[in-house]
Number of protein chains: 2
Amino acid sequence: MVKYSRQREGILRNLQSRRDHPTADMIYDSVRKEYPNISLGTVYRNLTFLTETGQILRISTQMGADRYDGFVKPHNHFICKECGMVEDMEYISCDDLISEASGLYPGLIENCELQFFGKCKNCLSGQ
Amino acid sequence: MVKYSRQREGILRNLQSRRDHPTADMIYDSVRKEYPNISLGTVYRNLTFLTETGQILRISTQMGADRYDGFVKPHNHFICKECGMVEDMEYISCDDLISEASGLYPGLIENCELQFFGKCKNCLSGQ
DNA sequence: TATAATAATAGTAATGATTACTATTATTGA
DNA sequence: TCAATAATAGTAATCATTACTATTATTATA
């Protein structure tokens, strides 16, 4: 039985109010302004809960800590190899990719994650 | 200046001889049969080197340690949420996805990684 | 072939991200 | 209001990965 918690609500709202794909630690720093003695463990526990219940997305980028995304409508991500920035992309439909692959794969495909890597506009011009 | 090392060669060949996307630790266990006192640090250092020189691929799966792939021809991956297995998929061309996205994105897209998640055939039937 | 320069290694310590543990606090159904 | 228990704060532990350093292996050149 799941019980309400202010901390969980605070974490979810924090994540829904931003589009910068923060790490657990960045969320911790930010939520601490509202709940000064929230613990990092609480942040991690709730991020896992919110991910498992489909309220947020977890993104592994192979550069440092996992990122979290409060925007759950299916979309793709661009990750800058230079500055590590994670940016939303809405160019390619994962639903289409899933139906295409499902017809060929013997298992059950439930979701997909499409990541592009390269250099963002800022890093290109600042070079 | 890069110098040859038997250990690096052993790691590369080990990875090229299998299709199970092992973790650094699994590669360490396996390569240790040939080089009994290779160190885990050497395995990690060379996996990073081989990844950066494009000789192997690194895959982050958001379930445990990173996986490595000696098969570098572009392809997609299916990851079973139940048993963690990573399987190759050659259904969708990343090159096509990159050209599609490149026309729309202001930065420079260099490569892409497409992962599907769900339940593999084994886990479906064993349930 | 011997040698000097230095890249790579083994072994170990350190770091960073995440999870586990436990006594206390908050939520909620009766 | 109260009892049951989910969730928390704070801390310790774990897991994956990187850093450090003295020693060894590779390689270009004499």
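We name chains A, B, ... by the order of the sequence lines, and we start the count at 1 in each one. Note that the structure is predicted; figures quoted are calculated from it, not measured.
Judged by closest nucleotide on DNA chain D, B/Y68 is the one of B/Y68 and B/M1 placed further toward the 5' end. Along DNA chain D, the nucleotide nearest to B/S5 and the one nearest to B/A24 differ in position, and the one closer to the 5' end is contacted by B/A24.
In this structure, B/R67 places its CZ atom 11 Å from P of D/dA16, rounding to the nearest Å. Separating the OH atom of B/Y4 from the C1' atom of D/dA25 is a distance of 11 Å, rounded to the nearest angstrom. Rounded to an integer number of Å, the gap from OH of A/Y35 to P of C/dA26 is 13 Å. Across the protein-nucleic acid pair, A/K3 atom NZ and C/dT25 atom C1' stand 11 Å apart, rounded to whole Å. Atom-to-atom, CD1 of B/I59 to P of D/dT17 comes out at 13 Å; the value is rounded to the nearest Å. One atom, CZ of A/F49, and another, C1' of D/dA7, lie 11 Å apart when rounded to the nearest Å. When the C1' atom of D/dA9 is taken as reference, atom CD1 of A/I11 falls 13 Å away, rounded to whole Å. If you take CE of A/M26 and P of C/dA17, they are 12 Å apart, rounded to a whole angstrom.
Taking the ring centre of A/F49 as origin, the terminal cationic atom of A/R8 falls inside the region bounded by 6.0 Å and 45° from the ring axis.
Residue B/R45 places none of its side-chain N or O atoms closer than 4.0 Å to OP1 or OP2 of D/dT18. Checking the phosphate oxygens (OP1, OP2) of C/dA8, no side-chain nitrogen or oxygen of B/R6 falls inside 4.0 Å. At the phosphate of C/dA10, OP1 or OP2 sits under 4.0 Å from a side-chain N or O atom of B/Q7. Taking side-chain N and O atoms only, A/Y44 has no distance below 4.0 Å to OP1 or OP2 of C/dT19. The shortest distance between the side-chain N/O atoms of A/S39 and the OP1/OP2 oxygens of D/dG10 is not below 4.0 Å.
Using a 4.0 Å heavy-atom cutoff across all strands shown, B/D66 reaches sugar-phosphate atoms only and no base atom.
Nearest to the side-chain atoms of A/A65 among the listed nucleotides C/dT18, C/dA8, D/dA9 stands C/dT18. When distances run from any side-chain atom of B/N46 to the nucleotides D/dA9, D/dA4, C/dT9, the shortest one goes to C/dT9. Comparing C/dA26, C/dT19, C/dA10 by their closest approach to the side chain of B/I38 singles out C/dA10.
Ring pair A/H75/A/H21 is tilted by interplanar angle, where 30° to 60° counts as tilted.
A side-chain donor-acceptor contact under 3.5 Å links A/N46 to the backbone of A/T42.
In this structure, the side chains of A/L57 and A/T51 stay at 4.5 Å or more apart for every pair of heavy atoms. Between B/D66 and B/T23 the shortest side-chain heavy-atom distance does not fall below 4.5 Å.
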